Structure formats: C-alpha cells, structure tokens
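Letters A, B, ... are given to chains in the order of the sequence lines, protein chains preceding strands, and every chain is numbered from 1. Computed from a prediction, not measured in an experiment: that's the story for all the values here.
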Protein chains: 2
Amino acid sequence: MIKIDKENTEEKILNAAKKVFVTKGSDGARMQEIADEAGINKSLLHYYYRSKEKLFAAVFKFAFKKFAPNLMGIFENESDIFTKITSFIHSYIDIINKNPFIPLFIINEVSKKNAGFVGAVIKNSGMNIDLFEKEIKKEIKKGTIKQVDHRQLIVNILALCVFPFIGRPIIQKVVFEDNENQYDDFLKSRKEEVSNLIINSITLTEGSDK
Amino acid sequence: MIKIDKENTEEKILNAAKKVFVTKGSDGARMQEIADEAGINKSLLHYYYRSKEKLFAAVFKFAFKKFAPNLMGIFENESDIFTKITSFIHSYIDIINKNPFIPLFIINEVSKKNAGFVGAVIKNSGMNIDLFEKEIKKEIKKGTIKQVDHRQLIVNILALCVFPFIGRPIIQKVVFEDNENQYDDFLKSRKEEVSNLIINSITLTEGSDK
DNA sequence: CCTATCTTTGACCAAATGGTTAAACTGTTT
DNA sequence: AAACAGTTTAACCATTTGGTCAAAGATAGG
C-alpha cells in the first residue's frame, strides 16, 4: 500500500509555525496567523501542541538543530586545515542562504529567554568546538598556521558568515542604495571573500615562524 | 537662578522607554512596564507621547543616531589610512561596549518594519559611506593598500565588531562554557584582534603590487 | 485668594489574544 | 448500522493591553 506523503495536519501546523515564528519572533507571532497560514482552525493548534510556548519550542528546536550540528563534522575528514576551513565557510554560507532568517531568529530568542528550555536546547544540540580547538592547536604546533586563538578564529568566521544576512536590511540600504539584486550578488561573492580573509589571517608570513 | 537639571517627566519617560524597548523589542515592550520603570502613571505616557508607536519612534531615532553619524567623521582627519581604520574600529567597539544591546535592537526593528518611518530615519541619519569609498579608492590608486572592494571591507569591519555582541548569549555558551568574565576579557581583546585582521587584509603582500 | 493652565492620577473601555469546550464530523471496527 | 475513537469546528472565556477621560493636584499670574 502506497503511503501518500500528503502533508498531515500536524506537519502543516509545524511548517506554518516555523514561517510565522521565524519571521515575526515569539512575541510578534499570533496563533491566529499560524492557523490561517496552515489553513486550519485555531483550536487545532492547541489540539496538537498544547500551548503557544510548546509550539514555539518545537520550532526553536528545529531551527537550532538546523544550524548547530553538522558543521563540526567537516573537521573529521582527512583534508588539510586550509581546505577544511574553506569548506566549512562555504557550506555554512550555503545553509544560511537557504534559511536567511533563522540566524537572527535564534539570536533573538536566545537573547530574550536565555534561561529555560532554550538554554537546554543549546546544550543538548551537541554543538561544541572541541574538534575545532584540537585541530587548530595541532596545526599551530606543526607550524602549518600562525599562532592564533581558536576562539577568536571561530568568532571571526561566524561573524563574517552570518552578519551580512542578519544585517541585510540596513547594509543594503546604507551601502547598496537599497538595490536587492546588487546585494544578492554581494552575498554570492562572500564565500570567496570570507575564505580568503580567514585563510590569509592564519597563513604564516615571512619571518614569523618560530 | 540655578536651573537644577532634575530629570523631568518627559525625560524620565524617554529613558524608561529606551530601556524597555531596547531590551524587549517593540513587540515585547509593554506600556505599563515603561510607566513602572519611569515611576509614573501609564496615562502620562500618552500625555507626553501620543501612542506607543510615537514613543517607539522617539526611542528608535535616538538609538539609530547613536550608531550612525559620528563614525564616518573619523575619515575626515589627516592621518594615514591604516590609522584611520584602526581608530574607527576602536571607537566603534567602544560605542557598542557602552550600549551592547542597541545593535541587535536596531537590526531587529529594521528587519521587522523596514517600511515606514524606520526607513526614513536611516535615510535622514546622514549615514553614508561616500567618504570611506573615496578614501579606499584613493589609497588603492596610490598603491598604499591592496585592491579591495570597499563594500566587502566595510561589511567585514562591521561584522567583526558587532557580531560578538549580538551573538554573545550563544557564543558565550558554546565557546566559553558560559563563563561571563572570560567573555568580557574576550571582548576586550577584540579591538586588537579586529584591527590586526582588517589591516592585514588590506596590506600589500610581496609581489602583489601592480 | 481666585482663576487659568499645566500636570498627574485612577477608573474605565474596546480590541486583541491565548486558551477552552461542547458539539459536529470522519473513518474504522464489529 | 451502531458504536467508538480520532479530528475539526464555532462559540465562548478570561486576561492582557493600548488607549481615553473626567476629576484631582499643582503652579503661576493677577
């Protein structure tokens, strides 16, 4: 028997909730709007998810997992450190490109309700930089790269990848005369720009080794 | 006659509104909370500022002006380009340090209500990168710095300065094991880190000139 | 002291909002 | 077709929230 994967109600709700929560935030989101977006009665939201908070929790978990886990996996393969970092940057920008509003959503919600389940989600996400740290320290010892602080490095990478997306409305206005197409081109060129900048910052310069 | 600069009601309201709006956002902020914060009756909010939106507008204007205008002024003095950029980074991080929640507040509100008065505030803020662009292009022609795209450069600078503040809750958890003091130290070291990274990225390398 | 204006307050209002409930509907089992 | 469980809906509720209003306080001028 063929199981038709027609979107069932629960999925419809979750998808609608993702859309509304991510764009409007937990404060700005309205249960009625989520119901409308899903094309169902508002009571059904409470039938499947007991409260707004529970529904929000489901959305947040989903959003955070999308950005947290698979990233450090890149550092498990066998290529050299420069290739690893470059491919990390490329794939991270790709992910954001596909979900440009999620980073700001996450930052916001973590800032607002740092306590409670949000903190727990982060801890349980398995996101940690141990592999990254080990790798960087190893390469420094080997003399492949400069003596850099791995924490500064990871923040630099994240900043350069994420900021153009979350700051888009302002940057586009101030720096690009509000031209959307131009900004899309700009975003496309970011993978190379960020890769070059980061690689350049860890590459040994003449006379700096030892 | 001595004019005692005792905070009058209107100022009390604006200051309370700044605090509440900036930390909770326009959606999360409550008029009652602002009144409580100011220690006055809620009706007074409407007496001095006609509506929540008007009050919010006053706060947003203030916040945006604090971050927009004086920054490009640095590029008017006579020092060399490296010094200019370095001092820009230093003073920008100083400003954010004094108002760590304003950047996220601005990004949020611009993202939410890009239209309307928010867009107007940005345009009327006098914030533009013409001076910066001219300066960079001049130095490239002179051969003082690499051939860089001035828009990539300014976005890089802003990203590296701003992101550690708006992403603090997450970064602190994931990268610093939720240690606040350690994160404060990290922020202090950012001025040098960002300056070095940016200067390094525009400095000519052997054999790259012409 | 009286009046006029500005400031402040508490009581109140209408709309919005998250949530509940009982009834209707649908599909499956016997 | 009757009974049952799962699903969906409309009507309703309590609370919150931005906002109004008339009256009370304060302040200054005549």
- [ ] Under the salt bridge (charged side-chain N to carboxylate O under 4.0 Å, His left out) rule, collect the residues that match up with B/K138, sequence neighbours excluded.
- [x] B/E135
TODO: In whole angstrom, give the distance that lies between atom CG of A/D27 and atom C1' of C/dT17.
DONE: 13 Å
Task: Pairwise salt bridge (charged side-chain N to carboxylate O under 4.0 Å, His left out) hits with a residue in residues 34-47 of chain A, at least two apart - done: A/K19-A/E37
Open item on the list: I want to check something: taking the side chain as every heavy atom from C-beta on, are A/R151 and B/Q182 in contact at a cut-off of under 4.5 Å?
Closed with: yes
Task: Side-chain N or O of A/Y48 closer than 4.0 Å to phosphate OP1/OP2 of D/dT8 - done: yes
Task: Residues that B/N97 engages under side-chain hydrogen bond (donor to acceptor under 3.5 Å, both in side chains), provided they are two or more places apart - done: none
TODO: Using side-chain hydrogen bond (donor to acceptor under 3.5 Å, both in side chains) as the criterion, list what pairs up with A/K24, not counting sequence neighbours.
DONE: A/E33
Open item on the list: Heavy atoms only, 4.0 Å cut-off, all strands: where does B/A29 land among base, sugar-phosphate and nothing?
Closed with: sugar-phosphate
Task: Length of the line joining A/L44:CG and C/dA24:C1', which is rounded to integer Å - done: 13 Å
TODO: Mind calculating the distance between OH (A/Y49) and C1' (C/dG19) to the nearest angstrom?
DONE: 18 Å
Open item on the list: Strictly distance-based, threshold 3.5 Å: is any side-chain N or O of B/R30 a donor or acceptor partner for the main-chain N or O of B/V20?
Closed with: no
Output a table of donor-acceptor pairs, distance under 3.5 Å, between side-chain atoms of residues 52-64 of chain B and any protein atom two or more places apart or on a different chain; print 'none' if there are none.
residue	atom	partner	partner atom	Å
B/K52	NZ	B/S26	O	3.1
B/K52	NZ	B/A29	O	2.9

N/O-N/O pairs, protein side and nucleotides 13-15 of chain C side, under 3.5 Å:
none

Open item on the list: Rounding to an integer number of Å, can you tell me how far B/L45 CG sits from C/dG10 P?
Closed with: 14 Å
Which atom pairs link the protein and nucleotides 19-21 of chain D when you take only N or O atoms and keep those under 3.5 Å?
residue	atom	partner	partner atom	Å
D/dG19	OP2	B/H46	NE2	3.2
D/dG19	OP2	B/K52	N	2.7
D/dG19	N7	B/K42	NZ	2.7
D/dG19	O6	B/K42	NZ	2.6
D/dT20	O4	B/S43	OG	3.0
D/dC21	N4	B/S43	OG	3.4

- [ ] Round to the nearest Å and state the distance from A/D36 atom CG to D/dT9 atom C1'.
- [x] 14 Å
Open item on the list: Run the ring pair (Phe, Tyr, Trp, His ring centres under 6.0 Å) test against B/F186 and tell me which residues pass, sequence neighbours left out.
Closed with: B/F176, B/Y183
Task: Residues forming a ring pair (Phe, Tyr, Trp, His ring centres under 6.0 Å) with A/Y49, sequence neighbours excluded - done: none
Task: Separation of D/dT7 P from A/E10 CD (nearest whole Å) - done: 9 Å
- [ ] Using whole Å, report how far OH of A/Y47 lies from P of C/dA23.
- [x] 17 Å
